[in-house]
Number of protein chains: 2
Amino acid sequence: MPARYEQIAAELREAILGGTYPVGSHLPSEAALAARHSAARGTVRQAVALLASEGLVGSRQGARRVVLRGERDQLFGEPYDFARWAGALGHRAGGEVIGRRRRKASATEAVRLAVCAGEEVLSMLRLRTLDGVPVLVERAVYASWVVPAVEVLEPGCESVVGALGETAGLAFRHGEHLIDAVAAGVQEARLLAVRRGSPLLRRRRLTSTAEGRPVEWSDDRYRAGSVVFATRSPGGVNPSLAGQDGDLR
Amino acid sequence: MPARYEQIAAELREAILGGTYPVGSHLPSEAALAARHSAARGTVRQAVALLASEGLVGSRQGARRVVLRGERDQLFGEPYDFARWAGALGHRAGGEVIGRRRRKASATEAVRLAVCAGEEVLSMLRLRTLDGVPVLVERAVYASWVVPAVEVLEPGCESVVGALGETAGLAFRHGEHLIDAVAAGVQEARLLAVRRGSPLLRRRRLTSTAEGRPVEWSDDRYRAGSVVFATRSPGGVNPSLAGQDGDLR
DNA sequence: GGACAAAACTTGTGCGAACAAGCTAACGGC
DNA sequence: GCCGTTAGCTTGTTCGCACAAGTTTTGTCC
């Protein structure tokens with residue numbers, strides 16, 4: 001059973017999304033909510049803090065909380081899962097594994113995955129499609145300690161992260177994203193059916209366990225025009241200067 | 001004076017960044033921190049929750065908190081300010097205003113800025129440079145209620161947001177970002193000194209006051225290779241399908 | 001020594017109270 | 001009617017306590 005404050009948050013969230021509290025309207029006061037749910041004010045505050053972190057409500061000392069958004073945006077805060085994401089948006093995800101092999105970790109990969117340099121990792125190249133249209137080239141590297149669990153998965157498996165969550169009982173969260181634009185190379189142009197040099201949106205992402213242990217480091221390149229990344233700010237999108245490999249410094 | 005939990009958080013943050021608690025090490029227990037600062041455990045929990053939201057520490061029920069990062073990344077959570085950002089990274093920001101005029105808000109702009117459709121807004125086109133190299137074309141639109149405050153600023157003003165914060169006493173935070181890749185058009189190619197069709201990283205961003213009132217809606221296009229956007233996940237980067245205008249749905 | 005069980009420790013959740021700080025609306029004087 | 005003051009409401013911060021749930025260490029038995 002979820003925690004009490006999560007229940008209250010879920011109820012409020014549904015009410016907001018369902019239109020009971022339209023955008024711009026005020027939420028009931030914490031005292032009122034506490035009375036309604038027979039909970040302490042602190043518990044209610046935990047609930048609304050959750051909604052605030054999702055960007056649904058805003059607050060100002062002294063004034064009642066205001067509803068800022070009336071629609072959920074897709075999968076906020078959840079770890080990346082292409083298949084689930086596409087499904088939630090009513091589209092059909094497909095794809096194929098172009099290549100999969102073990103090799104030694106590069107210096108950057110070793111740092112990202114917090115493994116020793118030269119340790120063996122699993123490298124995987126995948127093409128993802130949306131409703132049959134190729135939209136994404138994914139180059140993922142898995143940390144050595146999950147390689148056995150990943151290798152037993154059938155190559156056609158659509159969601160490595162999802163499957164690992166079930167078989168290995170691991171909870172994931174995303175750690176970091178580095179986003180920039182690059183020109184399509186020869187291989188990407190062929191796979192995505194675009195001209196060489198046309199713009200691609202690149203996202204390098206690190207998936208970690210809930211405790212912060214890195215699992216997967218991936219370089220994803222999206223065809224321009226196919227997807228838009230959305231983010232809200234407390235949580236912060238921050239430009240940083242690009243180095244040779246665009247690492248954070 | 002900042003709140004108690006912010007002081008404790010700041011102290012812990014400095015200790016982590018300063019190497020007192022190296023990456024991978026454990027933080028003292030909440031009880032120990034509470035005793036050291038003569039504060040209640042709840043207050044300490046608020047402090048470490050802040051650090052956790054910044055991605056500096058992780059936690060697991062029953063086990064001590066672990067330090068996840070030892071370096072601050074640039075300006076996390078702060079509202080966008082090109083000049084300040086560049087300065088913090090040791091680079092010289094420059095730029096010029098190409099155009100500035102009042103006009104009626106488009107439908108999208110009206111929605112974004114939460115003003116009535118057709119209301120007058122201030123449109124501004126700017127070229128930004130880093131160490132003399134053009135890196136960014138910025139097309140910003142300001143909500144009518146701040147137009148007077150914006151117009152009195154000299155055109156050479158490097159930081160509109162910063163200036164408004166000082167003159168009007170407004171506190172800002174970012175609301176939303178939409179990030180994708182586009183090909184350079186004729187104007188952008190000329191301004192950024194790249195070939196037409198070469199990849200640009202586009203970020204459309206909404207800046208709001210702390211209470212959630214929209215102030216600025218801007219379409220920023222960065223030359224590929226010049227910047228990388230970084231973000232951490234609780235706070236969420238979420239791909240969404242691209243519509244005609246890439247709006248969230 | 002090694003495996004198992006218990007104890008000690010640590011974080012997660014929840015309650016209730018109190019005061020501070022800021023906002024709103026009602027009230028009263030002009 | 002208009003405006004300033006005031007009283008009441010609402011959120012922000014802090015305290016202290018208690019128990020639940022999970023982890024780590026200790027200790028014991030074989």
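Here is how names work: the chains are called A, B, and so on, in the same order as the sequence lines, proteins then strands, and each is numbered from 1. Just so it is clear, the model here is predicted, and its values are computed rather than measured.
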Discussion item. Going by side-chain hydrogen bond (donor to acceptor under 3.5 Å, both in side chains), name the residues that satisfy it together with B/Ser144, two or more places apart in sequence or in a different chain.
Written reply: B/Glu119
Worksheet item: Between which nucleotides of DNA chain D, read 5' to 3', does contact with chain B run, using atoms under 4.0 Å from its heavy atoms?
Response: D/dT13 to D/dT24
Practice prompt. Go through the structure and list residues passing side chain to side chain contact (heavy atoms under 4.5 Å, CB included) with A/Ala15, not counting sequence neighbours.
Written response: A/Thr20, A/Tyr21
Item to complete: Just jot down the side chain to side chain contact (heavy atoms under 4.5 Å, CB included) partners of A/Gln46, sequence neighbours excluded, or say none.
Response: A/Tyr5
Discussion item. My understanding is that only residues two or more places apart in sequence, or in another chain, count here; which of them pass side-chain hydrogen bond (donor to acceptor under 3.5 Å, both in side chains) with B/Glu11?
Written reply: B/His37
Worksheet item: Salt bridge check: are B/Arg203 and B/Glu138 linked by an N-O gap of less than 4.0 Å?
Response: no
Worksheet item: Under a 4.5 Å cut-off applied to non-hydrogen side-chain atoms, are A/Arg13 and A/Leu56 in contact?
Response: yes
Worksheet item: Which letter, B, S or -, goes with each nucleotide of nucleotides 10-17 of chain C from 5' to 3', with contact meaning a protein heavy atom under 4.0 Å?
Response: BBBBSB--
Worksheet item: Thinking salt bridges, do B/Arg45 and B/Glu30 make one under a 4.0 Å N-O criterion?
Response: yes
